[in-house]
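Working notes, beginning with the structure itself.
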Amino acid sequence: MVKICCIGAGYVGGPTMAVIALKCPLIEVVVVDISVSRITAWNSEQLPIYEPGLDEVVKQCRGKNLFFSFDVERHVSEADIIFVSVNTPTKTQGLGAGKAADLTYWESAARMIADVSKSDKIVVEKSTVPVKTAEAIEKILTHNSKGIKFQILSNPEFLAEGTAIEDLFSPDRVLIGGRETPDGQKAIKALKAVYAHWVPEERIICTNLWSAELSKLAANAFLAQRISSVNAMSALCEATGADVSQVAHAVGKDTRIGAKFLNASVGFGGSCFQKDILNLVYICECNGLPEVANYWKQVIKVNDYQKNRFVNRIVSSMFNTVSGKKIAVLGFAFKKDTGDTRETPAIDVCKGLIDDKAKLSIYDPQVTEDQIQRDLTLNKFDWDHPAHLQPLSPASKKDITVVWNAYEATKDAHGICILTEWDEFKNLDFQKIYNNMQKPAFLFDGRNVVNPQKLRDIGFIVYSIGKPLDPWIKDLPAVA
Ligand SMILES: NC(=O)C1=CN([C@@H]2O[C@H](COP(=O)(O)OP(=O)(O)OC[C@H]3O[C@@H](n4cnc5c(N)ncnc54)[C@H](O)[C@@H]3O)[C@@H](O)[C@H]2O)C=CC1
Ligand SMILES: O=C(O)[C@H]1O[C@H](OP(=O)(O)OP(=O)(O)OC[C@H]2O[C@@H](n3ccc(=O)[nH]c3=O)[C@H](O)[C@@H]2O)[C@H](O)[C@@H](O)[C@@H]1O
């Protein structure tokens, strides 16, 4: 029986391994982690992450051929294939701070693999890493190997949160990069055989190591660039009376461009887009390519501009101050169908409003008060380290309340901002909400989930990203 061990039981390691176990009943899959609380949760009824469909998959194979354990060394030493899916945060200190990937967790995993291995192994990069990481990992493994042979493969993950199980069941492609040597090709074949249990052969792409590593960074950069492109257009739509949804629809109908990923928003969030682009920028700079670095940097600049623009719209519309005003924040996760808040645009918007002394009442169906308080007080990039190494929750912000219902959040509020596109926000009773708010009642839709005209008919002053402006807002000076 082939044995797989995955180091890192997070958003990628957990779901990916659960699906491999489900699709390959004759392979034993063990997911290990240094975080005892995460492993305990994976073994309980309350999984540590919220992902539609994940519970069912885990229930079907846990205890049969899927196991979660904190006995990291034992399972690593017994495995034939080791996936490494640990954090690769942005460095906060030293060389490359604020840009380069921090490979501390990867390096310590590699050293541990070398220490405990007693037989030849295939080591698979699942984490997103800088191009050429495999070379460094190879050096660590071979210099500490005691004669054991390691083959390194790059097998980046393309799942998106909220649709992870769907994405894993039916991936657009699986990418496997390896050395162009007989041993490298043999390792590629072994990993390909795992995926071939359910992924059609033509969707499994095999490349050299560097192409696979770089393709992951490139894919995230291209995706984020589409969002910044449509968000840049949204500002121009507001200035001209065009409607960004109509523009995106018309542009996306061109089959060369395609319709997906053209939703204007308050900005992209999530643990990876910004981190991976910063990493790409750093690699370009290190390779003497400042023009290429600046090109990609612009994607992040436009994203920051979009978040600032949203806050400025709120403040300027509400008589240039939100001081002491109650603002209801609907949605805190970085997108719907996840409880993940890493780099969510809600953090920047809430901080912007708090700086202007607003009182926030926040509701998200999947995010806890503790998480929101942590997110609003942690330093940039601290969130991306294993939970037990993060700073303890500092003093909580006083001007925030977190409630468990959109009606309570909006009661007596001066304004509402929608920051996550949860389906339930589309079906709220906005007449009831309007009746219970201070007047004039403002609504700022950062995700284009409401019908602005219907809400204007109720009496709301509505701002929707990239849509023709409400007469109230049109007469105000332009904001940047
Ligand atoms: N979240 C996502 O949707 C995607 C993430 N990725 C990449 O996958 C990697 C992991 O991301 P997530 O799963 O989101 O992170 P995560 O933070 O949810 O999980 C990482 C886990 O690794 C554990 N860990 C760290 N060092 C360890 C060690 N030495 N030994 C054992 N366990 C260790 C941590 O305790 C944590 O539970 C990152 O490189 C990320 O860029 C790639 C595709 C999608
Ligand atoms: O490397 C990763 O971590 C993953 O990053 C993204 O997945 P994820 O961040 O989970 O979610 P997305 O659906 O890509 O959304 C990212 C952000 O962009 C925003 N977005 C997305 C699409 C869109 O049209 N407009 C828009 O503003 C979302 O609201 C969200 O804040 C990629 O889609 C995955 O392929 C990749 O594996």
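Computation of the quantities below employed the complete heavy-atom set of this structure, encompassing side-chain atoms and omitting hydrogens, waters and symmetry-equivalent molecules. Remember, predicted model here, so these are calculated numbers, not experimental data. Counting convention: from 1, in listed order, for ligands and their atoms alike. When a residue number appears, it is its place in the shown sequence, counting from 1.
Counting the atoms of ligand 1 from 1 in the order shown, those under 4.0 Å from a heavy atom of G10 are 13 (O), 16 (P), 18 (O), 19 (O). Shown in contact with S271 at under 4.0 Å from a heavy atom are these atoms of ligand 1, numbered in order with element: 1 (N). Atoms of ligand 1 found under 4.0 Å from any heavy atom of S108 (numbered from 1 in listed order, with element): 29 (N). Contact atoms of ligand 1 toward E161: 1 (N), 2 (C), 3 (O) (distance under 4.0 Å to a heavy atom of the residue). Taking every non-hydrogen atom of V12 and a distance limit under 4.0 Å, the qualifying atoms of ligand 1 come out as 2 (C), 4 (C), 5 (C), 6 (N), 8 (O), 13 (O), 42 (C), 43 (C), 44 (C). Shown in contact with L159 at under 4.0 Å from a heavy atom are these atoms of ligand 1, numbered in order with element: 3 (O), 44 (C). Atom numbering of ligand 1 starts at 1 in the shown order; those under 4.0 Å from a heavy atom of I7 are 30 (N), 31 (C), 32 (N). Taking every non-hydrogen atom of K216 and a distance limit under 4.0 Å, the qualifying atoms of ligand 1 come out as 43 (C).
With a heavy-atom cut-off of 4.0 Å, E73 does not touch ligand 1 at all. Contact annotation: for L159 versus ligand 2, heavy atoms closer than 4.0 Å belong to the backbone alone. With a 4.0 Å cut-off on non-hydrogen atoms, N220 touches ligand 2 through its side chain and not its backbone.
Under a 4.0 angstrom heavy-atom cut-off, R226 registers as lying outside contact with ligand 2.
Counting heavy atoms only, R38 comes closest to atom 19 (O) of ligand 1 of the residues E107, E157, R38, K126. Looking at T104, N87, V86 and measuring to atom 17 (O) of ligand 1, the nearest heavy atom belongs to N87. Taking all heavy atoms of K335, E421, K216 into account, the minimum distance to atom 15 (O) of ligand 2 is reached by K335. For atom 27 (C) of ligand 1, the choice among V36, I34, T128, T16 with the nearest heavy atom turns out to be I34.
Closest non-hydrogen pair, I165 versus G53, comes out as CG1-C, 3.9 Å.
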